[in-house]
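These notes concern the structure reproduced below.
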Amino acid sequence: MLKIENLQARIEEKEILKGINLEIKPGEIHAIMGPNGSGKSTLASVLAGREDYEVTGGSVDFLGKDLLEMSPEDRAKEGLFLAFQYPVEIPGVSTTNFIKTAVNEKRKYLGQEPLDAAQFLKTMKEKMKLVEIDQSLLSRSLNEGFSGGEKKRNEIFQMAMLEPKLAILDETDSGLDIDALRIVANGVNQLRSKDNAFLVVTHYQRLLDYIVPDFVHVLYKGRIVRSGTKELALELEEKGYDFIKAELEKETV
Amino acid sequence: MEVINNLTKAFASQENPSSPLHEFQSDNWKTFAGLGLPAIKHEEWKYTRIRNAYADNLVIATDAQLSAATLSAHQLPGTDHANRIVFLNGRYQAGLSSFQDDSASLVVKPLETAAGDEDAEFVNLHLGHSQKYHPDGINALNAAFAAGGVYIRVNKGKSLNQPVVIYHFTDSSNGYAFSQPRILVNAAEASAASIMETYVNIGGGESLTNEVIEICAAQDAVLHYVKIQNEGAKSSHSGTTHIRQLGKCLTHAVTLTLSGKLVRNNLNMVMEAEHGESHMYGLYLLNGDTLADNHTIVDNAMPHCFSNELYKGILDEQSTGVFNGKIFVRKDAQKTNAYQSNKNILLGDHASANTKPQLEIFADDVKCSHGCTIGKLDEDALFYLKARGISEQKAKALLLHAFAIDILDQIQHEAIREYADKLISERLSFDF
Ligand SMILES: Nc1ncnc2c1ncn2[C@@H]1O[C@H](COP(=O)(O)OP(=O)(O)O)[C@@H](O)[C@H]1O
Ligand SMILES: [Mg+2]
């Protein structure tokens with residue numbers, strides 16, 4: 001589904017991604033962990049098409065297409081979804097209208113009829129239940145005045161509405177209490193199928209108790225320095241990131 | 001200058017010594033003759049070369065004919081039942097005007113008539129008050145031609161069922177046409193009214209409007225005012241909306257500027273009574289070579305008044321937005337609350353915005369705030385929308401519409417609000 005080869009990116013002359021290799025197959029859940037500042041959000045942003053980052057090398061293949069050649073909006077319509085670490089507040093834009101527009105733009109792109117008001121409402125009701133989100137939130141301006149948890153839940157709700165093939169969750173767990181965490185994880189687990197995949201970026205192992213990954217990667221200073229199964233996450237939790245740093249230093253000596 | 005000669009001739013030909021406005025008009029003509037047209041060296045006219053609009057080929061339009069078909073073609077949607085006041089080439093057209101509210105609530109007559117009947121005292125007291133705030137040549141020039149104006153009275157204790165929509169037609173089919181509408185409004189004690197103005201250039205040529213509307217709101221009155229400017233790129237405009245609060249009351253103004261060549265709006269809220277409340281909102285959505293200059297004044301003379309002001313600009317291509325917001329708090333006006341904000345989004349690389357708040361505060365116990373921003377569209381918001389599959393063009397339209405909506409929301413009349421929203425949505429290619 002997604003094949004990243006030797007991906008390098010920088011922002012304002014600063015090298016951040018220094019050669020990322022990662023392959024994700026349909027049905028898989030991958031977790032990326034790593035200390036703050038290691039480049040996790042940068043990777044997520046580069047995949048979603050944020051123009052502030054300059055890709056200086058490597059390639060990304062998404063479902064047989066050159067992802068890096070596509071506009072952010074086309075990436076989304078092809079089935080990529082990024083749940084933002086910091087969802088943006090947009091006053092004056094109704095959450096419901098925004099989601100309806102997004103859903104119908106994607107349908108148009110895929111050659112499908114737009115959803116009419118009734119169909120849209122029905123789908124919305126279903127998905128609202130899935131992520132336990134309240135109607136009152138959706139009739140407000142997009143993310144405006146939402147609490148941290150509400151913003152994250154809104155991201156998962158949008159994901160549920162857009163049914164992406166590959167969803168990248170950037171620290172969707174940070175700032176969530178255990179109930180919210182469970183709800184988010186529950187949403188992901190219910191949306192999970194053999195045809196889609198998830199890339200879960202997290203700083204803590206906690207989320208992985210609820211969303212069980214097939215693979216865990218450790219990103220450090222712009223490189224994936226370890227890959228393994230979910231046991232790697234447990235080991236990290238136990239020993240902390242310092243142990244990776246120490247090991248890496250030993251290796252480079 | 002040929003234009004001055006033409007104006008002089010036009011003034012002389014309409015002089016009528018038996019008119020009750022004669023003295024007012026000729027005094028003002030003398031003032032105009034002394035001051036001339038404002039030049040950009042005047043601080044107040046720094047960005048707006050209004051002199052250029054007074055070109056030698058300006059035709060002081062004489063009454064043309066306006067067909068019923070033209071009139072109805074330009075009627076604002078949803079206002080079939082509104083009170084309608086029609087001006088043509090700056091002169092009130094009683095025959096084309098029509099009223100839904102009865103005369104117990106609403107009285108409309110030529111200003112010249114009002115100056116000689118039971119309303120004479122009011123006219124003498126209030127006509128020309130705006131000159132105190134705008135002692136310039138063009139205010140005087142308008143006053144010199146005041147006989148073509150209209151007087152509007154909303155009677156004591158009466159709430160109008162329908163808005164008063166004022167249509168200003170300028171017929172430019174015979175050349176560069178000049179209109180000078182004059183309006184005096186008497187919103188009596190505990191009355192409620194909504195007044196709207198809109199401008200239409202018919203004939204396809206160039207036009208210039210130089211307007212003065214003076215509104216007096218008495219104790220407990222509620223007055224809503226909306227000005228919609230969308231005359232097209234060949235039309236210039238300078239207009240003063242002077243609102244005077246005579247007693248504790250609520251006055252509320254919304255100014256929308258969507259097109260024009262050179263546009264200057266003066267809006268004054270003169271708060272002469274305690275506990276007055278005023279609101280001023282504006283949106284200028286410009287493209288091409290349009291320059292729109294909004295000068296506002298809030299004058300607090302008495303304590304415990306509240307004013308809120310928000311002007312927003314979206315400037316595309318090489319358009320220019322100018323905002324100047326003065327707030328005076330006189331020494332007796334303790335406990336004044338005055339808020340002002342001006343926000344601009346520059347879309348075009350050659351667009352520009354000039355914004356200047358001017359607070360002059362002579363009382364010590366007041367709350368005043370002002371702020372202004374000039375920026376681009378929020379890149380983070382744009383990316384967020386695009387990352388959900390919304391095209392760049394649609395995402396921009398969505399954000400700009402969201403930016404504009406809180407001004408549009410201030411228009412109380414639903415049909416007019418929807419009409420304004422439609423105009424703006426079309427301009428932004430916003431179709432959600
Ligand atoms: N917009 C930016 N401008 C400059 N440096 C940035 C910017 N965004 C991220 N960085 C830097 O890139 C590095 C990686 O950041 P980020 O991808 O956010 O890490 P993570 O998500 O793993 O915490 C950090 O050193 C950060 O300071
Ligand atoms: Mg991050």
Side-chain angles (χ1 to χ4, degrees), chain A residues 44-53 70-110 114 117 141-144 151 154-155 157-159 161-164 167-168 170, chain B residues 254 256 281-283 285 310-314 341-345 347 371 373 375-411 417-418 420-425 427-432:
Chain A
S45 298
V46 167
L47 293 177
R50 179 129 208 172
E51 281 108 0
D52 306 358
Y53 299 93
M70 284 188 248
S71 67
E73 52 269 38
D74 283 351
R75 296 180 198 204
K77 289 184 283 201
E78 288 285 345
L80 188 92
F81 181 90
L82 169 64
F84 283 65
Q85 181 172 4
Y86 303 109
V88 185
E89 298 198 13
I90 310 185
V93 173
S94 118
T95 308
T96 307
N97 280 352
F98 155 70
I99 295 175
K100 188 171 177 185
T101 304
V103 168
N104 283 335
E105 289 279 290
K106 182 172 178 182
R107 292 181 68 89
K108 195 162 83 188
Y109 183 83
L110 299 175
S141 281
L142 188 50
N143 292 324
E144 192 189 24
K151 283 180 185 163
N154 191 16
E155 294 294 287
F157 175 66
Q158 292 171 38
M159 179 180 84
M161 289 297 293
L162 289 166
E163 297 180 330
I168 304 167
D170 190 2
Chain B
V254 182
L256 300 181
Y281 301 94
L283 174 68
L285 170 56
L310 175 61
Y311 271 70
K312 289 189 166 186
I314 299 173
S341 172
N342 173 231
K343 296 180 175 161
N344 296 281
I345 294 181
L347 292 179
T373 59
K376 303 252 174 208
L377 271 179
D378 180 357
E379 288 292 330
D380 290 335
L382 209 51
F383 180 65
Y384 188 77
L385 298 174
K386 289 197 282 183
R388 294 296 177 255
I390 296 173
S391 70
E392 165 114 8
Q393 195 249 334
K394 245 187 176 173
K396 281 186 174 162
L398 191 67
L399 292 177
L400 291 171
H401 186 264
F403 178 75
I405 197 75
D406 50 355
I407 303 297
L408 296 178
D409 279 347
Q410 290 294 334
I411 301 175
R417 185 175 60 245
E418 281 168 10
D421 195 354
K422 188 168 153 272
L423 288 178
I424 281 157
S425 298
R427 272 280 286 283
L428 299 172
S429 321
F430 174 83
D431 57 346
F432 290 89

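Just so we're on the same page: letters track the sequence lines, and every chain starts at 1.
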ask   = Quick one: which residues of residues 86-95 of chain A reach chain B at under 4.5 angstrom, heavy atoms only?
value =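 Under the 4.5 Å heavy-atom cut-off, A:P87, A:V88, A:I90, A:P91, A:G92, A:V93 qualify.
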task = Classify the ring geometry between B:Y384 and A:F98 as parallel (under 30°), tilted (30 to 60°) or perpendicular (over 60°).
result =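 Rings of B:Y384 and A:F98: parallel, under 30°.
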Leading residue by heavy atom contact count with chain B [cutoff under 4.5 Å; candidates A:P72, A:S141, A:P164] =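 Heavy-atom pairs under 4.5 Å are most numerous for A:P72.
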Residue among A:R50, A:K77, A:E105 with most heavy-atom pairs under 4.5 Å to chain B =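 With the most close heavy-atom pairs to chain B, the winner is A:R50.
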Which heavy atom of [X] sits nearest to which heavy atom of [Y], and what is that distance?
{"X": "A:E73", "Y": "B:E392", "value": "OE2-N, 3.3 Å"}
{"X": "A:A76", "Y": "B:K386", "value": "CB-O, 4.2 Å"}
{"X": "A:G49", "Y": "B:F383", "value": "C-CE1, 3.6 Å"}
{"X": "B:R388", "Y": "A:A102", "value": "O-CB, 3.4 Å"}

task = Pick one of side chain, backbone, both or neither for A:N143, based on which atoms fall under 4.5 Å of a heavy atom in chain B.
result =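 The answer is the side chain of A:N143.
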key: Residue part contacting chain B, namely of A:I99, when any heavy atom lies under 4.5 Å   =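 It is neither, since no heavy atom gets under 4.5 Å.
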key: Residues in ring pair (Phe, Tyr, Trp, His ring centres under 6.0 Å) contact with A:F81, at least two apart in sequence or another chain   =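 Counting only residues at least two positions away or on another chain, A:F81 forms no ring pair (Phe, Tyr, Trp, His ring centres under 6.0 Å).
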ask   = What part of B:D380 lies closer than 4.5 angstrom to a heavy atom of chain A: side chain, backbone, both or neither?
value =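 Both parts, backbone and side chain.
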message = For B:E379, I'd like to know if atom CD has over 12 heavy atoms of other residues, nucleotides or ligands within 6.0 Å.
response =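 Check fails, neighbour count at 12 or below.
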key: More than 12 heavy atoms from other groups under 6.0 Å of NZ on B:K312   =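 Atom NZ in B:K312 is packed in, count exceeds 12.
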request  = Enter the distance from B:I390:CD1 to A:K106:NZ here, rounded to the nearest 0.5 Å.
outcome  =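 Between atom CD1 of B:I390 and atom NZ of A:K106 there are 13.0 Å.
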